[in-house]
2 protein chains.
Amino acid sequence: MAKTRSETMQENRVKLIAAARKAFAKKGYSAASMDELTADVGLTRGALYHNFGDKRGLLAAVVDQMDTEMAARAQEIGARADDVWQGLLAEGAAYIEMALDPEVQRIVLLDGPAVLGDPSQWPSQNSCLQVTKTTVERLIAQGILKPVDAEAAARLLSGAALNAALWIAASDNPQSVLPRAVEAFQALAAGLLLKPV
Amino acid sequence: MAKTRSETMQENRVKLIAAARKAFAKKGYSAASMDELTADVGLTRGALYHNFGDKRGLLAAVVDQMDTEMAARAQEIGARADDVWQGLLAEGAAYIEMALDPEVQRIVLLDGPAVLGDPSQWPSQNSCLQVTKTTVERLIAQGILKPVDAEAAARLLSGAALNAALWIAASDNPQSVLPRAVEAFQALAAGLLLKPV
DNA sequence: AACTTGACATACGAGATGTATGCGAGATAT
DNA sequence: ATATCTCGCATACATCTCGTATGTCAAGTT
């Protein structure tokens, strides 16, 4: 098989992102060495700086990938629900559970915002927020939710969910705390309902 | 006046924390140079490593100070309200407004969690969370809020508030977005009420 | 088949952190 | 009051990391 140049380049990008994802998750962004990271996949920093510009660029690529994965999963879970409202609750619970993954926490929730700034201004647009915002907009249009600002509601909901996850993960007994967090989250979300149950 | 040794030591600690607060806010944690920082107050890194152990220790001291200030302010504002429930709403709005301060954002919301880990496991105990938790507990005891887990509710509320602030600050027109965020926050909080209004 | 391009490797320079050692002014004891 | 000791801070050093500038060789082009 003749490997074309752009093929190997694409492969290398994938390799580097995968290696970075591991390294950033394990050591944290600042402690992750670019020399080690690149050597692990048989390359050098030359490849890295050529493809991603700098260390931040690599993190941005990793975050973009993870954010996309998370948004897709949340959307899928939300779509399986009986109605849109149940879908929103399911989405929130899904975010909480996804954020229990140490990789997600370290990279997307902690280092991501610190290095790249607030998620709403990420280059990748933050797909997670978009998904939630769309769901909220639909519910407002259906007259199920109060006519609050959709973006504000989405931000607050995802902020609450992701913060809950950080708390759960840091607790001594995550499995016992998880249901309480989900319960509290659903209570909060119910505050957006036009007609409380 | 004869300066006792522990006096000058205390003064130096105060100076270093003040300088660090400025430097961390302006450059961010990782880009802040400890050489510059200490030189600004007429000291060297020797003083720093003797007093705070390492760079992280200095950040922890700064975060502790800011967190304490924020908690005191939130508590004071909450206490001025007509009743405990209005106090909770006022606390939330206070957090959102305080988090608009770039210094608070950069240090407490972005670098703090990334470097020190989740706020709930900070050495300083995170006074902000304690204040909110206490308020929630009181409201539950009074039968005003649903009997959800107080810590979970506090975490979610403060998470929502602080995330809202990050979003507001990153927006083009913070002053127009602020009221929408506060409105959405209060709608969410109302979800915790036992008897919806 | 010669030439050009560009993806990646190599080499270098500029800081930054943390530690180990040194010093000198306050604290202590006689 | 003098001598000794303590310890808070300064100084010097070793190590590591990022980003850039330059080199190189295979893939693409004509």
Side-chain angles (χ1 to χ4, degrees), chain A residues 1-63 106-107 111-112 114-116, chain B residues 1-63 106-107 111-112 114-116:
Chain A
M1 58 176 259
K3 279 203 187 173
T4 168
R5 207 137 100 143
S6 63
E7 272 174 0
T8 64
M9 203 177 159
Q10 184 60 22
E11 285 173 14
N12 284 342
R13 264 198 280 257
V14 170
K15 279 191 215 167
L16 286 174
I17 291 179
R21 197 162 157 165
K22 271 185 209 159
F24 288 156
K26 185 175 180 184
K27 310 222 177 194
Y29 174 78
S30 76
S33 163
M34 305 310 263
D35 269 325
E36 277 187 23
L37 198 161
T38 50
D40 281 349
V41 292
L43 295 170
T44 69
R45 283 182 320 168
L48 196 159
Y49 283 92
H50 188 76
N51 278 292
F52 299 98
D54 59 1
K55 193 177 180 179
R56 267 187 62 169
L58 181 59
L59 177 64
V62 171
V63 165
R106 179 81 248 176
I107 299 177
D111 286 332
V115 177
L116 305 174
Chain B
M1 60 175 259
K3 279 200 185 172
T4 168
R5 209 138 100 144
S6 64
E7 271 175 1
T8 63
M9 203 179 157
Q10 184 60 23
E11 284 173 16
N12 284 342
R13 263 198 282 256
V14 170
K15 279 192 216 166
L16 287 173
I17 291 179
R21 196 162 157 164
K22 270 185 207 156
F24 288 156
K26 185 176 180 183
K27 312 225 175 187
Y29 174 78
S30 77
S33 162
M34 304 310 261
D35 268 325
E36 279 186 21
L37 199 160
T38 50
D40 282 348
V41 292
L43 294 170
T44 70
R45 282 183 318 164
L48 196 158
Y49 283 92
H50 189 75
N51 278 292
F52 298 98
D54 59 1
K55 194 176 180 179
R56 268 187 61 172
L58 182 58
L59 177 64
V62 170
V63 165
R106 182 80 249 175
I107 299 176
D111 285 333
V115 177
L116 304 175

What distance separates [X] [atom1] from [Y] [atom2], expressed to the nearest 0.5 Å?
X	Y	atom1	atom2	result
S6(B)	R13(B)	OG	CZ	9.0 Å
L37(A)	L43(A)	CG	CG	10.0 Å
M34(A)	L16(A)	CE	CG	8.5 Å

- Message: I need the full list of ring pair (Phe, Tyr, Trp, His ring centres under 6.0 Å) pairs touching residues 40-59 of chain A, with sequence neighbours left out, sorted by first then second residue.
- Response: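 Sorted result for residues 40-59 of chain A: empty, none.
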- Query: Applying ring pair (Phe, Tyr, Trp, His ring centres under 6.0 Å), which residue pairs with at least one partner in residues 9-31 of chain A are found, sequence neighbours left out?
  - Reply: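 Qualifying pairs, neighbours excluded: F24(A)-Y29(A).
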Looking only at non-hydrogen atoms, find the nearest pair between [X] and [Y] and report the distance.
X	Y	value
G112(B)	L59(B)	CA-CD2, 4.5 Å
I17(B)	A61(B)	CD1-CB, 3.9 Å
L116(B)	A60(B)	CD1-CA, 3.9 Å
A114(A)	A114(B)	CB-CB, 3.5 Å

- Go through the steps to decide whether N51(B) and L58(B) satisfy the test side-chain contact (heavy atoms from CB on, under 4.5 Å), and finish with yes or no. CA-CA 8 Å; N51(B) 278 292; L58(B) 182 58; over 6 Å; no
With sequence neighbours excluded, what pairs up with [X] under the side-chain contact (heavy atoms from CB on, under 4.5 Å) test?
X	result
K15(B)	N12(B), V41(B)
S33(B)	D35(B), E36(B)
D40(A)	none

- How close or far is atom P of dT17(C) from atom CG of L48(B), stated in whole angstroms? 9 Å
- Round to a whole Å and report the spacing from CG of N12(A) to C1' of dC8(C).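 Between C1' of dC8(C) and CG of N12(A): 9 Å.
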- Query: In residues 50-61 of chain B, what residues come within less than 4.0 Å of DNA chain D, judged by heavy atoms?
  - Reply: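 Residues of residues 50-61 of chain B under 4.0 Å from DNA chain D: H50(B), N51(B).
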- Task: Under 4.0 Å from any atom of DNA chain D, heavy atoms only: list the residues of residues 15-43 of chain A that qualify, in numerical order.
- Result: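 Per residue number, the list reads A32(A), S33(A), M34(A).
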- Which nucleotide, dA9(C), dC12(C), dA7(C), lies nearest any side-chain atom of R45(A)?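 So the nucleotide nearest the side chain must be dC12(C).
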- Sequence neighbours left out, what passes side chain to side chain donor-acceptor pair (under 3.5 Å) with R106(A)? Give chain and number order. D111(A)
- Query: Earliest and latest nucleotide of DNA chain D, 5' to 3', sitting under 4.0 Å from a non-hydrogen atom of chain A?
  - Reply: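 Span of nucleotides near chain A: dT17(D) to dG28(D).
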- Message: Walk along nucleotides 23-29 of chain C from 5' to 3' and tag each nucleotide B, S or - by protein heavy-atom contact under 4.0 Å, base first, then sugar-phosphate.
- Response: --BSS--
Can you name the atoms? Protein N/O to nucleotides 2-4 of chain C N/O, anything below 3.5 Å, with the distance.
none

- Contact list for residues 16-25 of chain B, test salt bridge (Lys or Arg N to Asp or Glu O under 4.0 Å), sequence neighbours left out: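 Applying salt bridge (Lys or Arg N to Asp or Glu O under 4.0 Å) to every pair that reaches into residues 16-25 of chain B, excluding sequence neighbours, yields R21(B)-E69(B), R21(B)-E103(B).
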